[in-house]
Amino acid sequence: MSVCGMSCVSRYCSAKPWRLTSLRHLPLSVWASSRWKHSASRQYKAVIFDMGGVLMVSPYRIAAEWERQNGLQAGSIWRTILSGETRIAWDRCLLGELTFEEFVKLCGKDPGTAIQTTNTVQSYLLKLTNHVSDGMCVAMREAVQCIKAEGLKAAILTNNFWFKGQSVLPSDKNLFDVIVESCREGVSKPNPEIYKLCLDRMKVCPEESIFLDDLGQNLKAAAQLGIHTIKVADRATAIQELELKLGFPLRGFVHGTRAVRKGMEIPTDSLKNYLQTTLGLSSEDAVLLRQFSHGQSNPTYHVQSGAHQLVLRKKPPGKLLPSAHAVEREYRVMKALGAVGIPVPTLLDICEDPSVVGTSFYLMEYCPGRIFKDPTLPGLTANQRGDIYTAMNHVLCKIHKVDIQAAGLEDYGKIGNYIERQVHTWTKRYRASETHVIPAMEQLIKWLPLRIPEQEKTTVVHGDFRLDNLIFHPDKPEVLAVLDWELSTLGDPICDVAYNCVAHHLPEDFPLIRGMSKCDLKELGIPSDLEYLALYCNNLGVNPIENWNFYVAFSFFRISAILQGVYKRSLQGQASSDKGEIVGKLAAKMADLAWVFAVREGFRIFDSIPVGNPGPPVRKYSTWNRQRTSPATFLSPSLLDVNHHRPLVSVPKGHLIISPEGLPTRVKDLYHRLTVFMDKHVYPHEKELADYHRSDRRWIPNPRIEELKNEAKASGLWNLFLPLETDPEAKYGAGLKNLEYAFFCEVMGRSLFAPEIFNSSAPDTGNMEMLVKYGTEAQNQQWLLPLLEGKIRSCFAMTEPQVASSDATNIEASIVEEGNFYILNGHKWWTSGAMDPRCKLCVFMGKTDPQASKHKQQSMVLVSMDTPGIKVIRPLSVYGMEDPPGGHSELIFENVRVPKENILLGPGRGFEIAQGRLGPGRIHHCMRLIGNADRALELMKERVKTRVAFGKSLADQGTIKADIANSLVEIEQARLLVLKAAHLMDTVGNKEAASAISMIKLVTPSMALRVIDRAIQAFGAAGLSEDYPLAQFFGMARSLRLADGPDEVHRNFVAKLELKQIGSTKNS
Ligand SMILES: Cc1cc2nc3c(=O)[nH]c(=O)nc-3n(C[C@H](O)[C@H](O)[C@H](O)COP(=O)(O)OP(=O)(O)OC[C@H]3O[C@@H](n4cnc5c(N)ncnc54)[C@H](O)[C@@H]3O)c2cc1C
């Protein structure tokens, strides 16, 4: 009996929804859940049963018996109920307008009633309700179970009544998909509406269903709607008639089985002979066969002969690959493991003579137990669930503890390199079934071989170890048998543990198995995957597994490859295309999930790199931002104090690192990985990315960039920009200091495309940092997290065409309160990134209170880009360059309604936030500009070495040499100043570092313009073309003399502070 998600099942497997072994070999139609293939039943999808007289004894029969026992005239009870006033009351009772108790009272008052006491009717009806709640008659229950096992729906459609506050239904009502009762619906049979309701709820057409009732009028109404009908005069005959209509047997049900599928029949005569000779079973008993629903990879049958119940598992019919479906291997491993105490079904015999049932097969004993199909274990208490998981863990440990030599299994598989071989095998299989590119699979195929863990142990691995492959004791948390050893071999045991936890990471509505990714496992009493792993390590006495994410990634990779195989077969015509499409999508989903774990593993590796001891400060001689062999490291703090005539803002703690060689070990390693990544994945793709940038598709985000983003994530090169100061626990980023990040950002600045690939591009970085600092929990859930994941992009709308926006106090856009909303109106332009379809957030700056003091008038509001009232007027361009797909757009905000909770920090705080936001944003731009300039110089050097003019290489021309020298010097100067500003931000804070930030904002764009201009000149006309990044570098550097504040404003600011400083020095 099936109770709340667990089933008492056969000795062998039950109806498991997630059965990889079968998925591998079967057409999709067989694998999918509703899939009865028998031709006779194909037209039927549902069977509807009346209750009294069909599923259980007829109320008239009970009445007749009652009348006989009480000496009443035959038929008198129902005559009474169905006559006069009582009939009206009874009809109202069936419509739910009266309760049974009310009916009985009314019944007693009817002067015309033949039965004068209410007691008689009452006690009869009580007897009736007892009968109903006892449950269905055995034959009918079995018929319903058989119907359900074939994937058809079953319903009860009954005229019922309320009794003691509830309707009366059989105790085994859970077998039915739909129950329609007249008293609940206010309509009763034979009213056609109640039939329609029932069909509707089952989502079937009348012609797809069969209705069984004992009353002609009810059947007639059903037939008029087009429903097939069977009159139930005698249940056995009705079942036979139903069998004929459906085309499969409705007797001999065993949990987890169905009728033997077409093409899978076994010759029962020869099997019977065999059972007689080998097991000594009686020749008198017929051999009854049913097939287990999901053992199709190796078809598995329930065999009943007299009192004996066996399980037969065989190879499938037809031509097979030599190594596939090796039932002999299964038999061998189970026999060997059974002998050393592993719970497996008791094996009886193996027969390799194909003349018996067509292929080799083996026999096991059948025994009942529980199989849990739903990993959340509904119907159990939290403690019971914990016990079930613990028992599963124990049995897995037990398998992995088996001494393979003692068990005689030392040649059961190859020793060592298990994962490497597995990755290779599944990659090959995936390639063989590839129908289209699954980007995550491509990444995994590259990534997995690079991260193969060293195999510490070789054990028996089950290969498909899941909760629903275990049979538990009917009452105790004890595993009676581990099933389905088809994929077992010798290998790395952690693969079994990770695979055992896949349900932990799947969503609840995952079609193949119920996932638990959103479940509150604590409340359920189920260990998390990491707790389960810890329990395993503890049970086995092994060290904690560090690269768990790798194993989980590998598990999902394998599942994806399997599903892709199923999908390919479905396309080859073995299944309906809509189902094929679902599996195709699932394959991609599984690959994406695998990649999530690959990414986590990337971050884990980075986090685990030890923070090196910086060692003693050593004087360095170069600020050159690329790896050199020199031992360049640190400057002493005193060297910072270059302007001896005035004190520093304060004495900074720590050292100014002026080359990557001086970075702490952990950071240096990451930096090295960044440069390798740039060499391998960014520079080689620049041409392709630039071509896309100029193509018709340029306003659609480039999928190649998305792939590269994923690669960067997996390498732990993600969100590096978030400084330790903003994100002290490195919750969101890599926990780098501004100074450390300067080296990374410069490298990213060397390519126009790199910043986005590492999720470190403007304006997202500024917006993310702002949200980390000021965002509420809800704001961060909605925007920060997807931004950090690189799923969405954002823009910042401050500048307005009608006012000089270099002075932020001029901003005129209005933010007006209206109930629970703010209404935004304004005209903005140069809003970078707003045109990107991924742009979901706009940070809008406007005035909430024009009467407040100058710096308290502005506020910032977070606006969803899909809010009505936001209109893009046009994309602007810089020297004709549009910067797709984000662009720089002119926007109108017209009565844009934004919930009040979208305000950032509070009304009047906009100016304050803008100050905080611009500091890091500005320095990032400068860091990148150093990279631009450095790349331009590098390109120039290469070019001049290979070009000859007027008989000399360009490199030999004195002016070119001077240009190179000047560029080198200027880059070095600007870099040093940028590093100093970053160092000050780390050591004395952004506010104190404001002057240094303005200095670099003044120096760097102009420096970059000069360097890039020299490079363009040296390139000749080519330098202005699209073939090189120089023209774009130039445009970008030029715009940065305006964006984030024009030079003049920064000059003013530096001078103002300097004058103030001198004033305060004098005073002190
Ligand atoms: C490529 C690009 C991207 C941009 N992205 C964004 C974005 O995403 N969001 C956004 O809100 N804005 C953005 N901007 C706009 C940028 O921030 C503004 O252009 C900048 O703040 C200057 O404002 P303005 O254009 O209104 O110039 P104005 O304020 O009109 O200034 C014009 C000129 O006046 C002079 N000037 C101003 N003040 C002084 C002074 N005190 N002393 C002497 N001279 C002075 C300067 O020469 C200045 O260039 C972007 C601009 C560009 C070019």
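All ligand and atom numbering here is 1-based and tracks the order in the structure.
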Practice task
Any pair with a residue in residues 759-803 that passes ring-ring contact (aromatic ring centres under 6.0 Å, His included), sequence neighbours left out, goes on the list, sorted by first then second residue, please.
Solution key: none
Problem - R793 and E756 ion-paired at < 4.0 Å - result: yes
Handout entry: Electrostatic pair E789:K709 at N-O distance under 4.0 angstrom
Key = no
Exercise for the section: Using the six-membered ring wherever Trp is involved, compare the ring planes of Y741 and F744 and label them parallel, tilted or perpendicular (cut-offs 30° and 60°). Expected result: parallel
Handout entry: Salt bridge flag under 4.0 Å for residues E970 and R1014
Key = yes
Identify all N/O pairs between ligand 1 and the protein with a separation under 3.5 Å and present them as a table of atom names and distances.
{"from": "ligand 1", "atom 1": "5 (N)", "to": "W830", "atom 2": "O", "distance (Å)": "2.9"}
{"from": "ligand 1", "atom 1": "5 (N)", "to": "S832", "atom 2": "OG", "distance (Å)": "2.9"}
{"from": "ligand 1", "atom 1": "8 (O)", "to": "W830", "atom 2": "O", "distance (Å)": "3.2"}
{"from": "ligand 1", "atom 1": "8 (O)", "to": "S832", "atom 2": "N", "distance (Å)": "3.1"}
{"from": "ligand 1", "atom 1": "8 (O)", "to": "S832", "atom 2": "OG", "distance (Å)": "3.3"}
{"from": "ligand 1", "atom 1": "9 (N)", "to": "F796", "atom 2": "O", "distance (Å)": "2.8"}
{"from": "ligand 1", "atom 1": "9 (N)", "to": "W830", "atom 2": "O", "distance (Å)": "3.3"}
{"from": "ligand 1", "atom 1": "11 (O)", "to": "M798", "atom 2": "N", "distance (Å)": "2.9"}
{"from": "ligand 1", "atom 1": "11 (O)", "to": "T799", "atom 2": "N", "distance (Å)": "2.8"}
{"from": "ligand 1", "atom 1": "11 (O)", "to": "T799", "atom 2": "OG1", "distance (Å)": "3.0"}
{"from": "ligand 1", "atom 1": "12 (N)", "to": "T799", "atom 2": "OG1", "distance (Å)": "2.6"}
{"from": "ligand 1", "atom 1": "23 (O)", "to": "S806", "atom 2": "N", "distance (Å)": "3.3"}
{"from": "ligand 1", "atom 1": "26 (O)", "to": "S805", "atom 2": "N", "distance (Å)": "2.9"}
{"from": "ligand 1", "atom 1": "29 (O)", "to": "S805", "atom 2": "N", "distance (Å)": "3.1"}
{"from": "ligand 1", "atom 1": "29 (O)", "to": "S806", "atom 2": "N", "distance (Å)": "2.9"}
{"from": "ligand 1", "atom 1": "29 (O)", "to": "S806", "atom 2": "OG", "distance (Å)": "2.5"}
{"from": "ligand 1", "atom 1": "41 (N)", "to": "N1052", "atom 2": "ND2", "distance (Å)": "3.1"}
{"from": "ligand 1", "atom 1": "47 (O)", "to": "E1048", "atom 2": "OE1", "distance (Å)": "3.1"}
{"from": "ligand 1", "atom 1": "47 (O)", "to": "E1048", "atom 2": "OE2", "distance (Å)": "3.1"}

Problem - Salt-bridge present (K871, E890; N to O < 4.0 Å) - result: no
